[in-house]
K.L.:
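Below is one structure. I have some questions about it.
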Amino acid sequence: MQGVPQGAPFMFTGPGEVTHCAIDGGRNRAEPVRARRGVLREGLRLRRARPFDPLNLKRIIPAKETSKGSPPPSSYSDPGVRFGPGIDPPMRLPARIFSLALALAALPLCAQTQGGARPPDALSEKPVRRPGSTPETVVLEPLRVTADLWAAPLARIPASVTVYDEAALRAGAVRHFGDLVDQIPNLTWTGGTSRPRYLQIRGIGENSQFEGETPDSAVRFLVDDLDFTGLGTIGGAFDVRQIEVLRGPQAGAFGANAAGGVVRLVTNAPTPYWTGQAEAIVGGDALLTGSFAVGGPLVAAKPEELMLRVAVQQGTSDGFRRNLTLNRHTNARDEFTARLRLTWNPNAFWRWEAAVLAADYANGYDEFALDNNGRSTFSDQPGSDTQQSLAASLRGTYRGWDGLRFTSVTSGARTRSRYAYDDDWTAASYMGFSDLHRLRWVVNEELRLDSEPGPVAGWISRWTLGAFFSGIDETTRYTNTDPGNIRGLKTAYHSTNPALFGQFGHDFSPRTRLVAGLRLERIDLDGTGTKTRFRTSSGTFDPVVVIRPSFRDTLAGGKIAVEHDVSEHELAFVSVTRGYKAGGINVDARIDPTADPLA
């Protein structure tokens with residue numbers, strides 16, 4: 001239903017009444033508590049659900065935006081069972097969703113057996129006391145933006161930023177990053193996929209990747225330290241702590257793939273106390289979703305030494321469309337995501353953080369109709385939009401040197417996808433079907449040295465030096481079938497991007513500072529394209545065409561900014577930022593390089 005988010009947390013209890021019911025999974029017992037608007041209590045709770053409450057969308061200053069809702073004063077992480085709008089009484093949740101919810105019942109036992117009982121405000125943001133505050137005053141830590149080279153509070157980021165925290169995501173019933181795209185200023189996406197995959201910020205970004213097109217992203221898309229640039233399909237929002245969007249070139253931190261900006265999903269990290277959440281959602285268009293997350297210490301005697309968090313989500317729906325030619329739903333969604341995060345603190349100097357993500361999005365793709373009616377399709381060969389990803393990352397931080405911090409971030413991702421569709425979107429025209437299979441490997445490595453807070457020798461107050469390497473290997477196999485031909489196109493693409501970067505800051509005063517950064521990056525691209533054609537009427541092959549393009553370049557970018565803290569919550573800054581976007585290669589062998597000037 002347009003204008004109503006799928007799976008909005010509604011349960012009908014009477015005329016005009018909408019109530020949300022949840023069971024806390026982090027306590028040893030569930031206690032009934034009185035429902036009171038604006039107050040979250042532990043145990044069994046009832047509260048009025050307010051999807052897209054405008055009070056949860058708050059503009060801080062013109063250059064920054066946040067949708068930080070009122071944070072829960074107690075330790076609550078929104079587990080529960082939810083029921084969506086428009087549910088018929090005979091509908092039942094599948095057994096697998098209930099089995100996910102049952103995992104919540106084991107959490108209190110885990111807390112008892114592991115000895116990791118959480119404090120009363122365990123899931124709240126860390127309280128701090130500011131100078132001059134009374135003993136009763138508790139001030140929450142400010143929302144921090146992590147996608148910049150130097151993580152900082154939202155009010156101290158010299159860039160145009162939008163941040164949605166966990167409370168705002170929950171209040172808006174956001175289940176996928178695609179639910180937010182139309183709400184974020186200057187962020188757009190290209191249609192033609194089951195989920196928003198190709199993003200543009202201020203008009204700069206990737207528009208598509210059909211057959212013969214190589215990865216050409218200008219908007220970096222990250223899930224923690226995992227690089228899914230150009231693969232936004234995977235942006236599920238369950239157990240996500242916050243979503244950050246930085247507009248404008250981010251060359252200093254991310255180089256060629258961030259000429260337009262950066263999108264980062266930050267998931268909930270492991271904690272030294274046991275906590276979790278579980279939910280089941282039923283909604284219109286046959287929406288069924290089951291999710292659970294659990295995390296805590298693995299060593300009872302030393303809860304902060306080894307911690308983990310696991311999050312799993314499975315969701316299905318009929319996809320909002322019905323194919324009248326085939327009389328069935330051909331645009332259905334079947335999406336599975338699992339994440340594992342581990343944190344290990346072996347001693348006072350080292351900290352290791354590992355993450356593994358597995359995703360299987362088996363979605364249909366049959367969205368377009370010639371009359372653009374919005375509900376029905378007429379294709380006789382419906383397509384698909386699938387993505388299977390397996391990714392892992394390892395971040396190590398060493399603090400054993402005086403005044404220095406060393407960080408290593410290693411990540412790798414393997415993604416296999418299929419994109420197919422009916423060429424004419426109807427059964428009343430010509431016959432044709434396009435089918436594109438793609439396999440992509442991405443490997444990233446970053447090494448960096450940062451000065452620790454405190455006095456730094458000379459004029460420099462803070463600095464960072466680092467090296468970066470990225471490698472992408474992608475192969476595609478495309479076929480286009482019609483009654484008289486089977487056309488084929490195979491491509492191979494390989495890129496390596498080594499880079500050096502640095503950034504320093506100088507404090508003119510406690511409230512005024514200068515920040516300057518520079519990045520130097522080498523671009524090496526190689527590819528192969530092979531065109532084939534089989535004529536079914538005569539049973540013959542056309543001559544095979546092969547091309548082998550390549551490209552080399554060295555690019556530089558960076559920024560210089562002067563910042564001034566106007567007040568505790570306001571920042572004035574003047575900055576000049578230079579991003580860059582590398583040239584590309586054409587691996588489409590259907591184009592004659594000797595005749596086409598664009599080749």
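Every value quoted in this text rests on a predicted model; they were computed, and no experiment measured them. These values consider heavy atoms only, across backbone and side chains, with no hydrogens, waters or symmetry-generated copies.
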K.L.:
Does Arg477, at its CZ atom, have more than 12 non-hydrogen atoms belonging to other residues, nucleotides or ligands within less than 6.0 Å?
P.N.:
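It does not: Arg477 CZ has 12 such atoms or fewer within range.
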
K.L.:
Applying ring pair (Phe, Tyr, Trp, His ring centres under 6.0 Å), which residue pairs with at least one partner in residues 170-209 are found, sequence neighbours left out?
P.N.:
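Listed once each, the pairs are Phe177-Phe221.
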
K.L.:
Return yes if a side-chain donor-acceptor contact under 3.5 Å exists between Thr188 and Gln200, otherwise no.
P.N.:
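Distance-only check passes for Thr188 and Gln200.
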
K.L.:
Between CZ of Arg418 and CG of Asn363, what distance do you get to the nearest 0.5 Å?
P.N.:
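These two atoms lie 12.5 Å from each other.
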
K.L.:
From the options Asn323, Thr325, Thr426, Asp423, select the one residue that forms a side-chain hydrogen bond (donor to acceptor under 3.5 Å, both in side chains) with Ser379.
P.N.:
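Going through Asn323, Thr325, Thr426, Asp423 one by one, the side-chain hydrogen bond (donor to acceptor under 3.5 Å, both in side chains) with Ser379 is satisfied by Asn323 alone.
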
K.L.:
Would Asn497 and Ser470 satisfy side chain to side chain donor-acceptor pair (under 3.5 Å), going step by step from the backbone distance to the final call?
P.N.:
CA-CA 5 Å; Asn497 296 45; Ser470 176; 5.4 Å; no

K.L.:
Quick one: does Asp224's side chain have a donor or acceptor within less than 3.5 Å of a partner on Thr267's backbone?
P.N.:
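Indeed, once roles are kept as given, a pair shorter than 3.5 Å links the two residues.
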
K.L.:
For salt bridge (Lys or Arg N to Asp or Glu O under 4.0 Å), just list the numbers for Arg438 and Glu474, CA-CA rounded to whole Å, side-chain angles, deciding distance to a tenth of an Å, and then say yes or no.
P.N.:
CA-CA 7 Å; Arg438 175 176 285 112; Glu474 181 176 282; 3.1 Å; yes

K.L.:
Drop me the distance from Ile472's CD1 to Arg440's CZ, to the nearest 0.5 angstrom.
P.N.:
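Spacing of CD1 (Ile472) from CZ (Arg440) equals 6.0 Å.
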
K.L.:
Indicate yes or no for a side-chain donor-acceptor contact from Asp422 to the backbone of Gln381 under 3.5 Å, with no hydrogens or angles considered.
P.N.:
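Checking the backbone N and O of Gln381 against the side chain of Asp422, a donor-acceptor pair under 3.5 Å is found.
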
K.L.:
For the residue pair Leu525 and Ser550, establish whether any side-chain heavy-atom pair is separated by less than 4.5 Å.
P.N.:
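No; the side chains remain at least 4.5 Å from each other.
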
K.L.:
Hey, are the side chains of Leu154 and Val161 touching, using non-hydrogen atoms and a 4.5 Å cut-off?
P.N.:
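Result yes, sub-4.5 Å side-chain heavy-atom pair found.
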
K.L.:
Quick one: CG on Leu357 to CD1 on Ile234, what's the gap to the nearest 0.5 Å?
P.N.:
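Here the interatomic distance stands at 4.5 Å.
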
K.L.:
Is the closest side-chain heavy-atom distance between Ile243 and Leu180 below 4.5 Å?
P.N.:
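Ile243 vs Leu180: side chains touch.
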
K.L.:
Just one of Asp482, Thr479, Thr481, Thr532 clears the side-chain hydrogen bond (donor to acceptor under 3.5 Å, both in side chains) bar with Arg487, so which one?
P.N.:
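Only one option passes, and that is Asp482.
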
K.L.:
Do you know the tightest heavy-atom contact between Pro483 and Thr536?
P.N.:
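Nearest heavy atoms, Pro483 then Thr536: O-OG1, 3.1 Å.
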
K.L.:
Closer than 3.5 angstrom, by distance alone: can the side chain of His494 be matched with the main-chain N or O of Gly527 as a donor-acceptor pair?
P.N.:
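Here the side-chain-to-backbone pair does not exist.
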
K.L.:
Measuring from Arg197:CZ to Ser208:OG, what's the distance to the nearest 0.5 Å?
P.N.:
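Between Arg197 CZ and Ser208 OG, I get 11.0 Å after rounding to 0.5 Å.
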
K.L.:
Just do the side chain to side chain donor-acceptor pair (under 3.5 Å) check on Thr330 and Arg321 with the steps written out, would you?
P.N.:
CA-CA 7 Å; Thr330 54; Arg321 302 286 190 274; over 6 Å; no

K.L.:
What I'd like to find out is whether the side chain of Leu436 reaches to under 4.5 Å of the side chain of Thr476, using heavy atoms alone.
P.N.:
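Heavy-atom side-chain distance check passes, below 4.5 Å.
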
K.L.:
Between Asn586 and Ile591, is there a side-chain heavy-atom distance shorter than 4.5 Å?
P.N.:
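Yes, their side chains come closer than 4.5 Å.
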
K.L.:
Considering only residues two or more places apart or on different chains, which pairs with a residue in residues 235-265 satisfy ring pair (Phe, Tyr, Trp, His ring centres under 6.0 Å)?
P.N.:
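Found none.
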
K.L.:
Report the distance from atom OG1 of Thr386 to atom CG of Asp360, rounding to the nearest 0.5 Å.
P.N.:
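One finds 8.0 Å between OG1 of Thr386 and CG of Asp360.
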
K.L.:
Please list, chain by chain and in numerical order, all residues satisfying side-chain contact (heavy atoms from CB on, under 4.5 Å) with Asn373, sequence neighbours excluded.
P.N.:
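Residues passing side-chain contact (heavy atoms from CB on, under 4.5 Å) with Asn373: Ala369, Asp371, Arg375, Ser376, Phe378.
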
K.L.:
Judged by modelled atom types alone, do Thr193 and Asp385 share a side-chain donor-acceptor pair under 3.5 Å?
P.N.:
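No, Asp385 and Thr193 have no side-chain donor paired with an acceptor closer than 3.5 Å.
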
K.L.:
Check whether Asp588 reaches the backbone of Arg590 with its side chain - one donor and one acceptor, N or O, closer than 3.5 Å.
P.N.:
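Yes, Asp588 side chain to Arg590 backbone: donor-acceptor pair under 3.5 Å.
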
K.L.:
Would you tell me whether Asp239 and Asn268 have side-chain atoms, one donor and one acceptor, within less than 3.5 Å of each other?
P.N.:
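There is such a pair between these side chains.
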
K.L.:
Tell me, which pairs form a ring pair (Phe, Tyr, Trp, His ring centres under 6.0 Å) where one or both residues lie in residues 355-377, sequence neighbours left out?
P.N.:
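Matches after skipping sequence neighbours: Tyr365-Tyr419, Tyr365-Trp425, Phe368-Trp425.
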
K.L.:
State whether Asp542 and Arg535 are salt-bridged, where the test is any N-O pair (Lys NZ or Arg NE/NH1/NH2 against Asp/Glu carboxylate O) under 4.0 Å.
P.N.:
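A salt bridge is present here (some side-chain N lies under 4.0 Å from a carboxylate O).
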
K.L.:
Taking it one step at a time, do Thr530 and Val544 satisfy side chain to side chain contact (heavy atoms under 4.5 Å, CB included)?
P.N.:
CA-CA 7 Å; Thr530 304; Val544 176; 3.6 Å; yes

K.L.:
Which pair of heavy atoms, one from Gly260 and one from Ile201, lies closest together, and at what distance?
P.N.:
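Closest heavy-atom pair between Gly260 and Ile201: O-CG2, 3.4 Å.
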
K.L.:
Between the side chains of Asp334 and Gln314, does any donor sit under 3.5 Å from an acceptor?
P.N.:
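Short answer, yes.
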
K.L.:
Would you mind telling me which of Leu169, Val223, Val266, Val174 makes a side chain to side chain contact (heavy atoms under 4.5 Å, CB included) with Val240?
P.N.:
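Considering Leu169, Val223, Val266, Val174, a side chain to side chain contact (heavy atoms under 4.5 Å, CB included) with Val240 is found only for Leu169.
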
K.L.:
Nearest heavy-atom pair of Glu206 and Ser217: which atoms, and what distance?
P.N.:
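The pair with the smallest heavy-atom distance is OE1-OG, 2.9 Å.
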
K.L.:
Tell me yes or no: between the side chains of Thr540 and Ser538, is some donor less than 3.5 Å from an acceptor?
P.N.:
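The criterion, which ignores hydrogens and geometry beyond distance, is satisfied for Ser538 and Thr540.
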
K.L.:
Is the Phe541 ring parallel, tilted or perpendicular to the Phe534 ring (thresholds 30°, 60°)?
P.N.:
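Judged by the thresholds at 30° and 60°, the geometry between Phe541 and Phe534 is tilted.
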
K.L.:
Answer yes when Arg552 and Asp526 have at least one side-chain N-carboxylate O distance shorter than 4.0 Å, and no when they do not.
P.N.:
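Result for this pair is yes, salt bridge flagged.
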
K.L.:
Got Pro382 and Arg328 here, is their nearest side-chain heavy-atom distance under 4.5 Å?
P.N.:
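Counting from C-beta outward, Pro382 and Arg328 do come under 4.5 Å.
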
K.L.:
For Pro549 and Val587, work out which heavy atoms get closest and say how close.
P.N.:
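In this case the closest contact between Pro549 and Val587 is CG-CG1, 4.0 Å.
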
K.L.:
Under 3.5 Å, is there a donor on one side chain and an acceptor on the other for Arg195 and Thr233?
P.N.:
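Judged by distance alone, the side chains do not pair up.
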
K.L.:
Can a donor-acceptor pair be found between the side chains of Gln242 and Glu244 at a distance below 3.5 Å?
P.N.:
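A donor-acceptor contact under 3.5 Å links the two side chains.
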
K.L.:
Any chance you could lay out the side chain to side chain contact (heavy atoms under 4.5 Å, CB included) test for Val312 and Phe336, step after step, and finish with the verdict?
P.N.:
CA-CA 8 Å; Val312 179; Phe336 172 82; 3.6 Å; yes

K.L.:
Treating Arg241 as the side-chain partner and Glu166 as the backbone partner, does any N or O pair qualify as donor plus acceptor under 3.5 Å?
P.N.:
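Here the side-chain-to-backbone pair does not exist.
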
K.L.:
Who pairs with Ser537 by side-chain hydrogen bond (donor to acceptor under 3.5 Å, both in side chains), at least two apart in sequence or on another chain?
P.N.:
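Checked Ser537 against side-chain hydrogen bond (donor to acceptor under 3.5 Å, both in side chains); zero matches.
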
K.L.:
Could you note down all residue pairs passing salt bridge (charged side-chain N to carboxylate O under 4.0 Å, His left out) where residues 225-238 supplies at least one of them, sequence neighbours left out?
P.N.:
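For residues 225-238: Arg220-Asp227, Asp225-Arg264, Asp225-Arg395.
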
K.L.:
Do Glu521 and Tyr580 come within less than 4.5 Å of each other through their side chains, counting heavy atoms only?
P.N.:
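Touching, per the 4.5 Å side-chain cut-off.
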
K.L.:
Would you give the length of the straight line joining atom CG of Leu439 to atom CH2 of Trp441, rounded to the nearest 0.5 angstrom?
P.N.:
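It is 7.0 Å, given to the nearest 0.5 Å.
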
K.L.:
Could you pull out the closest heavy-atom pair between Leu226 and Ser393, with the gap in Å?
P.N.:
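Answer, listing the atom of Leu226 first, then Ser393: CD2-CB, 3.5 Å.
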
K.L.:
List the atom of Arg519, the atom of Gly255, and the distance in Å for their closest heavy-atom pair.
P.N.:
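Closest approach of Arg519 to Gly255: NE-CA, 3.4 Å.
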
K.L.:
Please examine the side chains of Leu265 and Leu222, heavy atoms only from C-beta on, and report whether any two atoms are closer than 4.5 Å.
P.N.:
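A side-chain contact under 4.5 Å is absent here.
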
K.L.:
What I want to check is whether the side chains of Thr377 and Asn331 have a donor and an acceptor closer together than 3.5 Å.
P.N.:
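Judged by distance alone, the side chains do not pair up.
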
